[in-house]
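Positions are given from 1 along the sequence. Excluded from the calculations below are hydrogen atoms, water molecules and symmetry mates; all remaining heavy atoms, backbone and side chain alike, are included.
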Amino acid sequence: MSHITPIDYDTASEAVRAEHDREVQLRGRMTNMKRTLLHSPVAHRIYAEWFTLREELRPALDDRAVWLFCHAISLQSRSIIPVGFFRRALINAGLTPETLVPAEDEALLIDFGKAIVRDSNTVPEELWDRLKARYDEPTLANLVAFAGIMIATAVYNNVVKVDIDPELGPYLEGFELPPE
């Protein structure tokens, strides 16, 4: 059970309702995480910058690459809600997360995401060399910032113990986080 209750739209402040409505207008839905974050519209907007950075990365990374990068970060963070979110994206694209063979660039992003979560102080130089050979510095800056927001999202979900959104349930059936 979530440590922070979702906002109640009917009793929420005007600022909270306005942020809620803005989110629904922009993205068409409201998740349990967002409903808890909306106790602070500022916190919600900061986490929503994930979408802004995603657009900045779009020229360099297609959806599948982003989903695999985020899925790797979510798995390494042991955060079930984002795992479910990215499993849903992959499965709805006709992919099977357990048997998917990543392309070389995708494997690089998966390794990078896992390395950042494992220990951000010791991301291997060899990994950085491969990234620098593939991406320019603005893309790398956005990629690391994007990973940071993804990690923050995982941490938020883990610490708050946000309730799993019902629409993610089918994508998590039979799935268990790997042991630590």
Check residues 72-80 and write down every donor-acceptor pair under 3.5 Å in which the side-chain atom is one partner and the other belongs to a residue at least two apart or another chain.
unit_1	atom_1	unit_2	atom_2	d
S74	OG	C70	O	2.8
S77	OG	I73	O	2.8
R78	NH1	P178	O	2.1
S79	OG	A154	O	3.2
S79	OG	N158	OD1	3.1

Within-4.5 Å side-chain heavy-atom neighbours: [X] and [Y]:
| X | Y | value |
| --- | --- | --- |
| L100 | P97 | no |
| F175 | E98 | yes |
| L53 | E49 | no |

Problem set entry | side-chain hydrogen bond (donor to acceptor under 3.5 Å, both in side chains) contacts in which one or both residues fall within residues 100-110, not counting sequence neighbours |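 Found R64-E106, D105-R134.
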Kindly give the heavy-atom pair with the smallest separation between D62 and A65, and that separation in Å.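 What the structure gives for the nearest pair is OD1-N, 2.9 Å.
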In terms of heavy-atom contacts, H44 and L38 come closest through CG-CD2, 3.8 Å
Joining Ile, Leu, Val, Met, Phe, Trp and Tyr whenever any side-chain heavy atoms lie under 4.5 Å apart, the cluster holding Y171 also takes in I91
Test L168 against R87 for side-chain contact (heavy atoms from CB on, under 4.5 Å), laying out the working first.
CA-CA 9 Å; L168 295 180; R87 282 180 60 80; over 6 Å; no
Hey, any chance [X] and [Y] share a hydrophobic cluster, counting ILVMFWY side chains that come within less than 4.5 Å of each other, even indirectly?
| X | Y | value |
| --- | --- | --- |
| F51 | L37 | no |
| I110 | L127 | yes |
| W67 | M33 | no |
| V83 | V159 | no |
| L172 | V162 | yes |

Kindly compute the distance separating [atom1] ([X]) from [atom2] ([Y]), expressed to the nearest 0.5 Å.
| X | Y | atom1 | atom2 | answer |
| --- | --- | --- | --- | --- |
| I4 | T36 | CD1 | OG1 | 5.5 Å |
| T11 | R17 | OG1 | CZ | 8.5 Å |
| R27 | K34 | CZ | NZ | 5.5 Å |
| N32 | N157 | CG | CG | 9.5 Å |
| Y47 | T153 | OH | OG1 | 6.0 Å |

Residues passing the side chain to side chain donor-acceptor pair (under 3.5 Å) test with Y135, sequence neighbours excluded, are none
(request) Tell me, please, which residues at least two apart from D129 pass side chain to side chain donor-acceptor pair (under 3.5 Å). (result)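 Partners of D129 under the side chain to side chain donor-acceptor pair (under 3.5 Å) test: none.
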(request) Quick one: do F69 and L61 satisfy side-chain contact (heavy atoms from CB on, under 4.5 Å)? Show the steps, please. (result) CA-CA 10 Å; F69 183 58; L61 302 176; 5.6 Å; no
Under 3.5 Å donor-acceptor pairs involving side-chain atoms of residues 138-150, not counting sequence neighbours:
unit_1	atom_1	unit_2	atom_2	d
T139	OG1	D136	OD1	2.7
N142	ND2	P138	O	3.3

Residue pairs passing the salt bridge (Lys or Arg N to Asp or Glu O under 4.0 Å) test with at least one member in residues 142-155, sequence neighbours excluded, are none
So the salt bridge (Lys or Arg N to Asp or Glu O under 4.0 Å) pairs with at least one residue in residues 165-179 (sequence neighbours excluded) are none
Kindly write out the residues that satisfy salt bridge (charged side-chain N to carboxylate O under 4.0 Å, His left out) with [X], not counting sequence neighbours, or none if the list is empty.
| X | result |
| --- | --- |
| R54 | D63 |
| R35 | none |
| E125 | none |

Just list the side-chain donor-acceptor pairs under 3.5 Å for residues 111-119, sequence neighbours left out, or say none.
unit_1	atom_1	unit_2	atom_2	d
D119	OD1	N121	N	2.9
D119	OD2	T122	OG1	3.3

Practice task
Please report the C-alpha distance between E137 and K132 in whole Å, then the side-chain angles of each, then the deciding distance to 0.1 Å, and finally whether the side-chain contact (heavy atoms from CB on, under 4.5 Å) criterion is met.
Solution key: CA-CA 8 Å; E137 289 189 329; K132 289 175 186 178; 5.9 Å; no
- Task: May I ask you to say whether E126 pairs ionically with R130, meaning some side-chain N is under 4.0 Å from a carboxylate O?
- Result: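 Yes.
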Donor-acceptor contact present, side-chain T96 to main-chain T99, <3.5 Å: no
Under a 3.5 Å distance rule, please check whether H39 uses its side chain to pair with a backbone N or O of T5 as donor and acceptor.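 Checking the backbone N and O of T5 against the side chain of H39, a donor-acceptor pair under 3.5 Å is found.
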Practice problem: Kindly determine whether L109 and L68 satisfy side-chain contact (heavy atoms from CB on, under 4.5 Å), including the steps that lead there. | Solution: CA-CA 8 Å; L109 293 169; L68 290 171; over 6 Å; no
TODO: Could you tell me whether E55 atom CD has more than 12 heavy atoms of other residues or ligands within 6.0 Å of it?
DONE: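 More than 12 within 6.0 Å, yes.
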